[in-house]
Amino acid sequence: MVSFLKTVIKAIPVGLSVTFKNIFRKPTTLEYPEVKPDLSPQYRGLHYLARYDNGEERCVCCGLCAAACPADCIYMEPYENERGERKARIYIINEIRCIFCGYCEEACPEEAIFLGKEFEFSKYEIPDFIYSKEMLLGNFDRIEMERRKKLGMEFIRKTRFDFRMPTPSIGDSESSIEK
Amino acid sequence: MPDQVKLKIEDRDVTVDKGQTILDAALKLGIIVPTFCWDPRLKPIAACRMCLVEVEKAPKLVPSCAVPAIEGMVVKVFSEKAIRGRKAVLEFILSNHPLDCPTCDKGGECILQDHTFNHGPTGSRTIEPRNRTIFDEKYKFDDFPLGPVIWLNMNRCIFCFKCTRIIKEIAGDDDLGAFNRGYHTILHGHKNRPFRSEFSGNTVENCPVGALVANSFRYKVRSWLLKKTPSVCHLCGDGCNITLWHQGQKLFRIYSRWNRNVDNGLLCDRGRFGGLYADSDRRLRNPKIRREGKLIDTTWEEALDFVAGNLESIRAKFTAAGIGVIGNEMLSNEETYLLSRIARRVIGTNNIDFRFEDKFTPSTDLNLKLLYFLVKRIPFSKFGEFRNHLIIGTDTEVTHPIMTLWLKRAISSGRSKCYAAYHRKTDFTLHPVESIEYFPQGEYNFLLALYSALKGKSIDESALASGVASTLIQRWAELLKGSKTLLLAGEALYNNPRGSENIDLLKAICDLLGEGSVINIPYDGSNYLGNLLWGATPGILPGGSQNDEENRSIICKEWKCDNLPEAGGMDTSQMLTAASEGKMGALIFFGSDPVGFYPDREIATKAVQNASFKVACETFLTETGKLCDAVLPLAPFPECSGSLISSEGRLQFFEKAFDPAYSSAEGWRIILRLAQRLGFEGDYSSPSEIWSEMASIADKCGKVDYKQSQYGGQFLKMDFAARAFSNLDGFQSSPLPSPTAEFPMILTYGASVYQKRNLTAYAESMDKIDPGPKLYINPDNAAKMKLYEGDTVRVSSTKGSLTMKSAFDYRIRPGTVFIPTNFQEAEFNSLLSSKSDLTFVKIERL
């Protein structure tokens, strides 16, 4: 009995020392949704389809993202636009099937599909999770507008993709090389 | 051995025939040397340099595809020098190859991608812009429509020249050429004309990169998503082996499936692009029945009950002989057999036929005569063994495109010569072929003249009647005499008022020619032979035996019934004539369209209108279907399985790629369900069950040996009894009626080379390849009439008149005009009459 009491009396300050140590630390719990979490740079959230500077979509519907997708959640059908380019007529991502592995982003040769930081897209109906091309491009537009607003650069033309790939102008920059 | 050489490849000894290349020797050892321009069917040109190997004592690397193997040669394929050389070649090829794999339709199945992955450099050393060949500033990418069905992107081309060589060496045409040199090389049709060829699709299939892309596949789907199903082409009698590339219920493209006995990996454009008609969204979607004068959509149950109920009441009213069944030659063996069974056993009529495009179809006697020739027929691969080929009464390029390639191969080998006789020049006769053009319907007189010339008799009279100079026929007789000849008898010989006499004459000519001469009957239609053998004609029972007492009892035992209807049913012409007079109760059209294609539109329309009940089972709503009381949607060939017997006599099975789209159904299922409603007790769950029943019947009949049939692609053994051929002494030349002053031109009609009836017109790119109906006329005649190409003309005969655009064709015999039959809107048969052999027309410029 005595030895028991001795143990208890010793243990209480040891245990409380942890409590007192943490009582003055900044709490890790976030008051979500009032406070948003600070996401890791590698965070993979909702997809978006990027655009060129001139507003044209980057995706050429090559199907590599769908081929790379382990969950088989991407479906697409190409078409030929009026300038003879291959573009997506239908581009669908089933976000409820998606496992957010990011393989599509890695497979994309045109730097068109990305997984953004957005994670708040819960919905009541499963069909609402099927994102069409317009919705995915809209995701990009929203993210891009927010980013520009944050940086105060609404009127600056440069996007963060510019250093990677020159933007083709509609008049075709490469034909000047031929001349 | 003097004819063989021994060499060493990668320290392994190999012996090959003299003249074979290092590549052949390497392949014999199972060593794969990467190639682009090499193709076993083509002569080596060593254009791509991808197959470089190191040969000891040779100063440089040598292209293995072009260098013949020499005794004692020591070859190293995987030495460091050879690997480095091939890597440099690939780097050189890639230096100007655009990196547009994501947009290129060849991506995923590209040989350049594979070789680069396996043998190529890991990166690019150049920063200079890549060479571009701009065809049109309008397009951002340099794709360019090379012809009606093919797009070209010259930037992607690696200059292997497979395409031009396939067209030149295999198809034997000069339709595609490579112009300029080096990186300025451009592929194009001659004189800036679009690239058109019956075999143009093969260039797309064999292009190692995405330079040539089919219009119908461009920007459609990625190749790795597609499933492949082996099948057999249904659009002509050659029975080419094809692969269907499909995803879900959509058919994307048709490629050749290499069968060295049939097609050698080649396919005509009709099969390749026309076969995509199955994917058309203009197909019949639902069963329709006529209610209050209108065809309305309904369910299968209701439609079949409606049809069965009506057939029952018609049978009670008119007796079974008042019901007629008209199938078509594209039905599989199983469907034909079931159709024959429902007609003979369930309905109880002998009125069954499958031919509706000709008014003079062979009688039973003639059919049995023709079947006798099948006993000694020749497979395509042995055409080269014959000294001469005599082709009479057919345009082989239209009816049998791939057989024509075998003929061309026989000619180009230098061992054989071809003689073609038809009422006009054909594409085939533009090759080194002796050709004769007789009067339309002049087959009998021509054969008689040739026979007399071979006999050494006077031929002036018959030659005059056939419209050929007698010296020409004498010359042919001299050239053909005594040589081993293959006689190919076309459909114009037996679909002829004098069909039986023609075949007698042909047999006599064959006997007069050299030893080993054989008659082949290349039937026009994917399963013409199967339809004959499985009882789709009144006179022949399933199994190929004649409809007589003895054979009927054999079939009765198999079908477990007491008796079958007595012989003497009607064929299509008789059925339609009887129906137009109101003597037929019901007509069942199974894939057939007599209103659109029977060469007398008036009689066919009257027949369909006057029959008390008529039902059509078809893929697209045809002219006949519009007049019918019930229309049932029939699934096209990619959605069915079964077997076909090609005109060569080869039995081949095909599989269904996917379930029937919309609510269409397979032919055998429709027939079976209808039969069950009419009191048929049997049931089948798949065509293979039907086939096992058919095989036991065939075994009893003993005409055709189907024993090994389950392996497919089998050249059937046939055993038909010889028929008596009539004595030719009494044969006299019979001058044909000549055109009158009022109607000075002779009308001929036939299929266009790219089309099969109206079916292929529903395929996506076929309207570009063969746009609309035209009246083809010889330029000489046109010049006399002051007619220019593209003028609108009115063609009128005693029966009616048509308005269409004119086009020049110097292949047409002067004094005749030609209308392709493939366009329903043209209504070509409204000019024709079933009463007269020849139709005379007049042409007026509007």
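Naming: A, B, ... by sequence-line order, numbering from 1 per chain. Quick note: numbers below take in every heavy atom, side chains included, and nothing from hydrogens, waters or symmetry partners.
Taken from CD in Glu85(A) to CG in Asp100(B), the straight-line distance is 12.0 Å, to the nearest 0.5 Å. Note: Arg89(A) CZ to Lys220(B) NZ = 9.5 Å, rounded to the nearest 0.5 Å.
The number of heavy atoms from other shown groups lying within 6.0 Å of CG (Asp38(A)) does not exceed 12. No more than 12 heavy-atom neighbours from other residues, nucleotides or ligands sit within 6.0 angstrom of NZ on Lys87(B). No more than 12 heavy atoms of other residues, nucleotides or ligands shown are found within 6.0 angstrom of CZ on Phe92(B). Other residues, nucleotides and ligands place no more than 12 heavy atoms under 6.0 Å from the CZ atom of Phe4(A). For Tyr43(A), the OH atom counts as densely surrounded, since its 6.0 Å shell holds more than 12 non-hydrogen atoms of other residues, nucleotides or ligands.
Between Asp143(B) and Glu80(A) there is no side-chain heavy-atom pair separated by less than 4.5 Å. Counting heavy atoms from C-beta outward, Trp224(B) and Leu64(A) have side chains that approach closer than 4.5 Å.
Residue Pro102(B) comes nearest to Cys62(A) through the heavy atom pair O-CB, 3.0 Å, listed as atom of the first residue, atom of the second, then distance.
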